[in-house]
Amino acid sequence: MRESIVDKKNRFVAHWKGMTDAERVRFLFLAVMLTAIALFVPVSLGIFFYNLTIPVEELDTGKSLANSIPFLKYWSLFFYRNSVFFQDRDDVFMDWFNINYMVYNNSPYIGGDSSYPPLVLNIAKIFAAMADYDFGAGEARNSPEGIASILTFYAVSLIPTFALLWVACRRKQMKNGQIALLCLAFLGSVPFLFEFDRGNYLLIALPFIFAFFLWYNSERRWAREAAYIGLSVAVGIKIYPAAFALILLKERRFAAFVRTACYSVLMLIVPFLFFEGGLDNISAFLYWLTDFAGSKGGEVNTVVYGVSYSYSPYNLPASIVAMLGPGVVDMDVLANAKAVELCGKILTVLFIVLVFFTGFASDRKWKVILSSALATMFVPSISFVYSATMCVIPIVFFLLDEEKRRLDYAYLALFLIAFVPCLSPYLADYNTVAFRWGVNLANFVQLLSYIAMLFLLTGDCVARLVRKGGKGFFRIKKGQNC
């Protein structure tokens, strides 16, 4: 006899009441993420395959599916409109292929303009050898060898990441089916989709950071040392994962912090020796690093790259100004962009203060890790959507934490707002000297959700300070091993 809808409802209610809060949080996260992915994938793939039938040169003439329907005009998958999921297909994966092209002649700094640390460029050498870059990055991307190389990169990055996620989840007795669904949820999340579109080398740092949090407090000395080296490798790849060392200071592991810092310095300096010019490349690297992150020659890069697709604090005032439109702000006047940049600097300083306060004051490890992850997004003046892949780690440990409070449902809601994929309209569309690209509604809401996480952490810490009166305030609650 088939079960009626009422019986199914009653069975679900009974099952829900029998769940712990931790099980409910995991269920809600997976249910919302997987439902959103199921709804989103057919629409995005429909636009993608329709656009494949249109010549690239005609995609900007209103003939694409998105532009042929007024309601969908300027809608995007949080991505560049010139991404594989939207219009111009010429730029997909190009973050990855452009970096490989930089190292093709073994001189990415002197004579080049690379702002990437040398370790990641040495890794890029390996992948660059898998395809022919004689005719440029674009031709390499269009070759079968190029596609095979970037698929290899994704496999090399994701397989160990999800293997480590499985290790973390099995420690908490999570079932293999749930772990598989969690991996799928992350693969379909906004940060990962943006990462797949761009092919940024940040992805290969993720398993090293994950390994650090799994074993930095291991009883085995070799495992702890390997964890410190793992974090230093991540620092060598992208620099700003250094923020995750905050937990070593929080737990007063000062010797471990010093060793990790020494390993990180080696990872940032020794790889220069494998490029033409050796250590002379350091000054060129620092020049290009500050040029990309700041401004030179009067050009305000932080604002130019701040509007849309970014989670930098600069993006908040830039997006607000852009949405005000030319009726209020002259979008061509560079002085207005510089004023926005000043606001961004003020917000950055404020966020840095709050990140360090919450990092030291939080009583649960996943909150300390979340503070560090937010630092990797808020401290760089340019922080594209893929930078939020760092938040996968605190979300995993948040889901695995068996002790839940009512406030944790607010964190769950913010995580979902930040990670759920959907199509979203552009509220403003500019391409001027001072402001580049439009303001994507969902991207702007996601930025607000990450800012809300930081202020929620701050409020939580302040409330604890008031309750405890400072006694044991900077200690992590016992039993919080990751």
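All values derive from a computational prediction rather than experimental measurement.
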Centroid-to-centroid, Phe415 to Phe398, below 6.0 Å? yes
Applied to residues 256-271, the salt bridge (charged side-chain N to carboxylate O under 4.0 Å, His left out) test, sequence neighbours excluded, yields Glu225-Arg259
- Message: Quick check: do Val396 and Phe186 have side-chain heavy atoms less than 4.5 Å from each other?
- Response: yes
> So, Lys367 and Asp460, do they make that salt bridge, N to O below 4.0 Å?
Replying inline: yes
Tyr409 versus Asp21, side-chain donor and acceptor atoms under 3.5 Å: yes
- Ring-ring centroid check Phe213 Phe244, cutoff 6.0 Å: yes
| said: Does either side chain, that of Thr358 or that of Ser362, offer a donor lying less than 3.5 Å from an acceptor on the other one? | reply: no
*Is the Trp366-Tyr411 ring centre distance short of 6.0 angstrom?*
yes
State, yes or no, whether a side-chain contact exists between Val368 and Asp363 at a heavy-atom distance under 4.5 Å.
no
So that I know where these two stand, are Tyr201 and Tyr116 an aromatic pair - ring centroids less than 6.0 Å apart? no
So, for Tyr109 and Phe272, is the gap between ring centers shorter than 6.0 Å? yes
*N-O pairing of Glu23 and Lys404 below 4.0 Å*: no
